[in-house]
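Below is one structure; the comments refer to it alone.
Numbers restart at 1 for each chain; the letters A, B, ... are given by sequence-line order, proteins then strands. On a predicted model such as this, the values are computed, not experimentally measured, just so you know.
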Amino acid sequence: MEKSEILEKITEIFKDTLDNDDIVLTYDTTANDVEDWDSLNHIQLVVAVEKQFKIRFASQEIQKWDTVGDMVNSVHAKLG
Amino acid sequence: MKVFSQLKKNLKNDFSSLKTIRVALLGDTATQFLNQALRGTGYDAGFNLQIWEADFNQIERQVLDPTSELYEFNPELVILFQSSHKLLAKYNKLKPQEYSSLADAQLELVDNLCTTISGKLNAKIIYYNYAEINDAVFGNYANKTEQSFLFQLRKVNYGIMSYAAKTPNFYIADISAIQNQLGKAAVFQPSVYINSDMVLSIEVLPLIAARTVDLISSMYGKFKKCVILDLDNTTWGGIIGDDGLENIQLGSLGIGKAFTEFQYWIKKLKNRGIIVAVCSKNTESIAKEPFEKHPDMVLHLDDIAVFMANWDNKADNIRQIQSILNIGFDSMVFLDDNPFERNMVRENIPDVTVPELPEDPAEYLEYLYTLNLFETVSFSDVDAERTKQYQVEAQRAIKQTSFTNEDDFLKSLNMLSLVEPFNKFNTPRVAQLSQRSNQFNLRTVRYTEADVEKLIGLDDVFTYTFTLQDQFGDNGLICIIILKKENQDTLFIDTWLMSCRVLKRGMENFTLNTLANFAKEQGYSYLKGEYLATPKNDMVRDHYKNLGFEQTGGHWLLEVKNYTNKKCFIDYK
């Protein structure tokens with residue numbers, strides 16, 4: 001799957017999980033840029049991404065991401 | 001069932017019209033998501049759960065400190081969630097010679113917490129039991145030694161069941177059963193646990209919240225009372241009218257086994273106090289034949305409170321069942337294999353619960369188990385007798401249709417009523433009726449047993465209980481009156497409530513005759529009544545008007561001096 005497609009799907013997940021249709025994500029977006037993206041909701045987002053792509057992240061991997069781009073790269077690597 | 005993100009969206013809805021319940025949630029792991037799931041699920045069940053969530057891992061401090069926020073919040077309901085993971089952490093820190101004392105120590109802690117809470121709050125307690133963790137240190141031998149964690153965990157689970165059985169305000173929400181149903185991989189997600197200290201996966205939260213809210217609904221009077229069965233291909237395999245008695249599928253062979261086990265389940269529900277009714281498109285005599293003659297039938301006619309077999313549409317039949325039983329549509333479950341009939345009932349009577357039975361009858365039971373339809377917070381011997389009472393009611397309803405004149409019908413019943421003041425023998429029933437009656441209840445003042453006892457023997461309070469029996473059977477104590485002397489002239493009707501089982505028998509007239517004659521003999525001039533509206537008591541809005549009371553301001557007055565007895569066909573016993 002192309003990274004752009006992954007970004008698109010992740011954006012949809014963010015919109016649904018945080019219940020906010022105005023969210024626009026880029027590779028450089030960080031948690032500070034998105035309202036309600038706190039550590040608690042982060043867990044919910046991660047689980048939703050896992051479910052969407054049918055993958056599992058390692059527990060430490062989840063904490064390492066600084067940007068949405070990092071998340072996209074992790075998904076991309078897992079999908080192979 | 002909604003997923004967690006959908007429940008979360010519920011939180012933005014308007015809760016203001018819903019019943020508010022103050023709930024304290026205390027956990028030894030992170031409970032923020034559980035909190036949100038409970039509140040979101042509560043919304044769909046009609047509750048505004050006002051949840052106060054204790055800070056992380058504060059159970060003991062909040063409960064044991066008398067000045068804590070818990071007591072300041074003063075909840076009606078306390079949810080305690082001590083996790084298996086924290087129990088395991090305790091076990092891990094023990095010396096090996098102490099392993100076998102873990103369960104006893106934990107049970108003592110639970111007792112201590114609950115006793116302390118009950119001493120300070122008038123609250124019900126919901127306690128989550130322990131989802132199993134098998135640390136596999138002993139292999140299967142874990143079952144053979146008290147030293148193993150598995151042994152201790154199961155001992156705690158058994159111990160709190162025994163504790164719940166003798167502790168009235170202590171209820172268990174069965175997480176362990178949920179984990180058995182879904183598997184541990186679905187209930188617990190290690191990465192979430194590591195990153196957030198939450199022991200429940202996001203996937204399982206809606207189910208945990210649903211089972212918890214089931215319990216809460218039941219505590220607040222919302223529960224199922226009746227199951228309505230279709231017959232062909234639901235209660236037995238095949239079509240009795242086409243296949244005949246010999247060819248329907250029942251018993252221990254093939255698919256017959258599924259129907260037999262289904263019937264055993266229904267029979268157990270009936271024994272627990274769930275009313276069983278039949279609603280079938282059939283000729284009545286043919287539909288009854290298996291109940292009377294088939295050797296493999298588990299259910300018999302005396303298990304069925306109301307038997308409706310005809311060719312009318314099922315929604316109308318269910319309405320008739322409802323009018324005979326006099327219970328809410330929202331307390332009924334309708335089981336039918338036919339999707340057309342299910343949709344028809346759903347569309348016409350949306351309050352009735354209509355499970356989407358699987359196509360394969362072999363899967364009926366497993367599916368029904370997962371729905372947890374029949375939650376309850378009480379069980380007594382009286383529950384098991386309920387079917388009998390409703391059968392009698394159904395016979396009466398059938399007899400009524402054979403009389404064209406209502407008076408003739410009522411006369412034929414030979415009704416008798418025993419009238420007594422409150423006493424120590426009828427106190428429990430008076431309190432129960434006071435708690436349960438919603439519809440025929442003029443002021444809906446609730447009296448507990450302790451409250452009832454306080455009324456006995458007071459000088460200016462006069463209490464009445466009425467029973468009603470007739471040729472079909474005894475309804476027991478069905479009506480309660482509390483009169484309070486307001487002044488020399490006036491008796492105020494503080495309480496007038498009646499079981500809906502005995503509507504339209506002239507019991508209201510009999511009751512008023514009794515009260516008016518008493519007031520006259522004692523030298524009072526007026527009986528004064530009041531109607532306080534609730535969402536459920538609309539049926540008695542015009543009660544006093546219909547009985548000839550005059551409206552003055554917010555009250556209703558009846559002058560007793562010229563009172564003449566109203567027509568009724570009930571005699572004093």
Side-chain angles (χ1 to χ4, degrees), chain A residues 6-25 29-32 34-68 70-80, chain B residues 1-15 25 27-41 43-44 51 53-57 81 83 85 182-209:
Chain A
I6 294 172
L7 179 67
E8 220 172 277
K9 287 191 170 169
I10 287 180
T11 305
E12 286 309 306
I13 290 168
F14 270 62
K15 284 180 182 173
D16 181 55
T17 304
L18 300 179
D19 198 17
N20 178 357
D21 283 339
D22 301 332
I23 290 175
V24 180
L25 298 183
T29 307
T30 69
N32 292 334
V34 180
E35 201 187 340
D36 290 336
W37 186 1
D38 55 22
S39 60
L40 196 61
N41 286 333
H42 183 65
I43 300 291
Q44 204 193 337
L45 288 165
V46 168
V47 170
V49 170
E50 287 183 332
K51 201 170 171 192
Q52 165 78 39
F53 294 103
K54 300 190 175 62
I55 53 173
R56 276 279 163 113
F57 299 113
S59 50
Q60 285 153 305
E61 204 173 357
I62 296 167
Q63 301 298 343
K64 282 187 193 149
W65 302 324
D66 292 322
T67 62
V68 170
D70 294 341
M71 193 188 259
V72 172
N73 289 335
S74 277
V75 174
H76 188 256
K78 285 223 166 5
L79 292 175
Chain B
M1 184 169 287
K2 286 187 176 174
V3 299
F4 178 65
S5 60
Q6 291 169 310
L7 291 177
K8 235 172 124 175
K9 283 175 190 149
N10 271 359
L11 303 182
K12 295 187 177 166
N13 294 342
D14 178 13
F15 283 69
L25 172 63
D28 60 8
T29 54
T31 49
Q32 293 96 322
F33 280 177
L34 179 61
N35 177 348
Q36 293 171 347
L38 285 169
R39 186 164 161 77
T41 305
Y43 178 84
D44 289 331
I51 302 178
E53 187 182 346
D55 286 341
F56 180 70
N57 209 1
F81 183 18
S83 67
H85 289 81
L182 296 182
K184 190 170 175 196
V187 173
F188 176 70
Q189 187 170 348
S191 66
V192 171
Y193 170 62
I194 293 297
N195 285 303
S196 69
D197 215 29
M198 279 189 281
V199 292
L200 298 173
S201 73
I202 288 172
E203 184 190 341
V204 81
L205 280 168
L207 187 55
I208 305 263

For atom NZ of A:K51, is the number of surrounding heavy atoms from other residues, nucleotides or ligands below 6.0 Å larger than 12?
no
Salt-bridge criterion met for A:D19 and B:K12 (N-O under 4.0 Å)
yes
Under 6.0 Å from the NZ atom of A:K64, do we count more than 12 heavy atoms belonging to anything else shown?
no
Quick one: do A:D16 and B:K8 make a salt bridge, cutoff under 4.0 Å?
no
Chain A neighbours within residues 195-205 of chain B, where any heavy atom lies under 4.5 Å away
B:N195, B:S196, B:M198, B:I202
Less than 4.5 Å to any heavy atom of chain B: does that hold for the side chain of A:I62, its backbone, both, or neither?
side chain
Please tell me if the side chains of B:S5 and A:Q44 come closer than 4.5 Å, counting only heavy atoms from C-beta onward.
yes
Are any non-hydrogen side-chain atoms of B:V192 and A:E50 less than 4.5 angstrom apart?
no
Counting heavy-atom pairs closer than 4.5 Å to chain A, which one of B:Y193, B:F4, B:F33 comes out on top?
B:F33
